[in-house]
Amino acid sequence: METNTRPPGLTAGALVGLLLTAPLIALLYLANGLLGTPFVPYDVFDLLARALPGGLVTFGIDTIISLIVALNLGDTSRTAKIAEHIMALLLLLTLGALVGVILFAVMRRMKNPGLLPGWIAGAVIGAPAAILSATLNQSASADPFLSLAWILLAFMLWGGAYAWVYRRLSRTPAARSQPVEAVTVTQIDRRGFLIRLGSATAAITVVGAGVGILSGAGDSGVESEALVERPWSGSNPLPNADAALQPAPGTRPEFTPVDKHYRVDINSLPPVIREDSWTLEVVGLVQNPLKLTLQQIREDYPALDQFITLSCISNGVGGDLIGTQRWTGVPLKKIIDAARPMANASQLHITSADGFDEYLSRSLVNTDERVMLTYAWDGLPLPKAHGFPLRVFIPDRYGMKQPKWIVRIELTDQEDEGYWVRRGWDPLAQVQTTSVVDTVAKDAVYEKDGGRFVPIGGIAYAGKRGISKVEVKVDEGDWHEAELRTPMADLTWTIWRYDWPFQAGEHVFFVRAVDGRGAKQIETQRDTRPSGATGIDRKRETL
Ligand SMILES: Nc1nc2c(c(=O)[nH]1)N[C@H]1C(S)=C(S)[C@@H](COP(=O)(O)O)O[C@H]1N2
Ligand SMILES: [Mo]
């Protein structure tokens, strides 16, 4: 009896799982770049983000954002997406290790296992993964059957590889002479084999991921064609170009370039929608249901251009999840009227390609023609990350109320909760008045009338209510009124500036604002959840 050929243990199973899952991920990534098939790890992650309890998901998002801010990791929305991508990969790696443990445990109980348990394990994971990707994934461009077949095949090969490795590890080297030494010989042989396996899988992983990146896998950026075309801002002055007050040096750009605009949504990769297969459906309590192409929306209705500041409800005081762009579209009322709604149609239920949805009251659509279906930013079609082909704009609301990638509007007499409201966020989501110190421009200190001054500046924002006053306080001093630059429009942020009589040393600079209706910004510090952050922004600077 060969008592010396101990079968590989569960730790080996976990290790082999990691070694085999890394190249699987790389190959899925490579195929995503070359063939446009779905990248399964992101789909699994996106499914969890939709399925897990809202409180948990929000806690996760809040934690990521707080960490990014605390550790100063730069661009919040970009870093958060990268963090989510890494979590998605770690999730699949963990699953891979787990499969190794389970499969090795099962195979240890079998007399002389072949490759079948591996194939089965691959199919058990691969089939749901393939179906999940086929239904949830909106970014893949490959034929759905090719995608299904590829994912299933990749996972079965992956499962088969576990079983093959298990068998290889169970084999006793032929060169054994006597039972006692055989154990060590087996161990040495196993170690050597695992090292060779690790080298091979590492090579596949690196090459697969590298070629994948080169071929554009996981690309969520701005369309390259859009960069070739000229944006509106490239050849036009901003509407407030001749405003008297100049921003303090170091104030953020008044107009946010599209590729610098924050991006927040529930997708690892943004849905990719082809214009020629897309229509906007307007259905429900209407006499004349519509199916509009993008061209019809652009050409059959007069275009409306609006300068708009958009903020995420997850934006902390002084955060960077806020931006200002030039939005072009059609007043939503015009399109809804064309569908001839019935008298009891009191709500619009807007649905997006990614499964996101929101409700919007028809009376708001009727009374505010600034509520707009938007198809362009900065004079160019919306980038895919920002909602191509169509998104809605609703003044005074945080981004969570404003679906991107819209496919359908249903008129109904039921008021209900949208995607983030169901997950505990404020049903109204009206933007909080906020103000931010962007800069204490110590390199721009200047002299005037015998005094020295340091320019301080930033933005203030209160949705459609506008800003009527901004005040600045230094250390424990009094509040001083800042100067306001004429904003680009009544829906954008206002740039403020205060030139403070220079005093050397370390100081803390505070800012607060009053909205256009005379309501002061809430100074009490409150977290983003559930109604948007409040509190006073401050900046510490040594002069
Ligand atoms: N379809 C869809 N629309 C969406 C979201 C989403 O996840 N899916 N996220 C919303 C949120 S929370 C915000 S803050 C804004 C962000 O728009 P932006 O990424 O263009 O800045 O989109 C909104 N619209
Ligand atoms: Mo958001």
Side-chain angles (χ1 to χ4, degrees), residues 42 45-47 49-50 54 57-58 60-62 64-65 75-78 80-81 84 136 138-139 220-223 226 256-273 278 280 308-316 319-329 349-360 372-378 380-409 418-427 429-432 461 463 528-533:
Y42 291 174
F45 187 81
D46 288 1
L47 175 78
R50 283 158 176 72
V57 172
T58 301
I61 296 172
D62 288 352
I64 293 175
I65 293 181
D75 187 328
T76 307
S77 64
R78 199 159 294 189
K81 273 291 175 234
E84 288 169 27
L136 188 68
Q138 300 289 324
S139 64
S220 63
V222 181
E223 266 76 346
T256 315
V258 171
D259 61 347
K260 294 276 170 354
H261 197 287
Y262 84 91
R263 170 199 161 201
V264 169
D265 50 63
I266 55 173
N267 311 292
S268 292
L269 298 175
V272 176
I273 296 177
W278 176 90
L280 171 69
I308 288 166
T309 296
L310 181 71
S311 171
C312 181
I313 199 164
S314 294
N315 192 38
D320 62 359
L321 301 178
I322 183 168
T324 301
Q325 252 298 324
R326 180 178 181 270
W327 299 46
T328 304
H349 184 210
I350 306 176
T351 315
S352 300
D354 58 347
F356 187 88
D357 72 304
E358 249 308 335
Y359 286 80
L360 171 60
M372 170 173 84
L373 287 178
T374 305
Y375 49 74
W377 267 16
D378 202 6
L380 298 176
L382 290 172
K384 55 184 189 240
H386 294 290
F388 181 87
L390 200 68
R391 68 184 300 171
V392 74
F393 167 67
I394 308 163
D396 230 32
R397 302 278 190 269
Y398 283 114
M400 59 164 272
K401 297 294 287 186
Q402 315 195 31
K404 312 190 266 191
W405 309 290
I406 296 174
V407 291
R408 191 164 183 265
I409 300 176
Y419 187 92
W420 282 119
V421 181
R422 294 194 293 273
R423 288 162 177 78
W425 291 90
D426 191 309
Q430 184 179 36
V431 297
Q432 305 280 358
Y461 172 63
T528 53
R529 190 167 164 97
S531 305

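Sequence positions, counted from 1, serve as the residue numbers for this chain. All of these numbers come straight from a predicted model, not from anything done at the bench. One-based numbering, in listed order, for ligands and for the atoms of each.
Heavy-atom proximity to atom 5 (C) of ligand 1, evaluated over Y398, F356, Y419, W420, is greatest for F356. Between atom 12 (S) of ligand 1 and the options E358, M400, H261, R397, the minimum heavy-atom separation is to M400.
Between the side chain of N315 and the main chain of D320, a donor-acceptor pair closer than 3.5 Å is present.
The structure places CD1 of I322 at 12.5 Å from OG of S77, a figure rounded to the nearest 0.5 Å.
The shortest heavy-atom distance from P403 to ligand 1 is under 4.0 Å.
Between Q402 and ligand 1, at least one N/O pair is under 3.5 Å apart. In terms of polar-atom proximity, defined here as any N/O pair under 3.5 Å, R391 does make such a contact with ligand 1. For the pair H386 and ligand 1, the shortest N or O to N or O distance falls below 3.5 Å.
Looking from atom 23 (C) of ligand 1 to the surrounding protein, the closest heavy atom is G399 O, 3.1 Å. At the top of the distance list for atom 21 (O) of ligand 1, counting protein heavy atoms only, stands Y262 O, 2.8 Å. Scanning the protein heavy atoms around atom 19 (O) of ligand 1, the nearest turns out to be K404 NZ, 2.5 Å. The protein non-hydrogen atom at the shortest distance from atom 8 (N) of ligand 1 is D354 OD2, 2.7 Å. The single protein non-hydrogen atom nearest to atom 16 (C) of ligand 1 is V264 O, 3.5 Å, given as residue, atom name and distance.
Nearest approach of G418 to Y359, heavy atoms of both residues: N-CD1, 4.0 Å. Here the shortest heavy-atom pairing between V392 and I406 reads N-CD1, 3.5 Å. Between D259 and R78 the shortest heavy-atom distance is O-NH2, 2.8 Å. Nearest heavy atom pair, residue R397 against residue V431, reads C-CG1, 3.6 Å. Taking each heavy atom of I313 and P530 in turn, the nearest pair found is CD1-O, 3.6 Å. Across all their heavy atoms, E84 and I64 have their closest contact at CG-CD1, 4.4 Å.
Using cut-offs of 30° and 60° on the angle between ring planes, the pair H261 and H386 is perpendicular.
Counting heavy atoms from C-beta on, the side chains of R263 and P270 come closer than 4.5 Å.
Contact atoms of ligand 1 toward C312: 14 (S) (distance under 4.0 Å to a heavy atom of the residue). Within the listing of ligand 1, atoms 19 (O) sit less than 4.0 angstrom from a heavy atom of R263. Atoms of ligand 1 lying under 4.0 Å from any heavy atom of L310, numbered from 1 in the order shown and given with element: 17 (O), 21 (O). Within ligand 1, counting atoms from 1 as listed, the ones closer than 4.0 Å to a heavy atom of W377 are 20 (O).
The parts of I266 lying near ligand 1 are both backbone and side chain, judged by heavy-atom distances below 4.0 Å. Neither the backbone nor the side chain of L321 has any atom closer than 4.0 Å to an atom of ligand 1 (non-hydrogen atoms only). At a heavy-atom distance under 4.0 Å, only side-chain atoms of S352, from C-beta outward, approach ligand 1.
Tested against D265 for a salt bridge (charged side-chain N to carboxylate O under 4.0 Å, His left out), the candidates K404, K384, R391 yield a single pass: K404.
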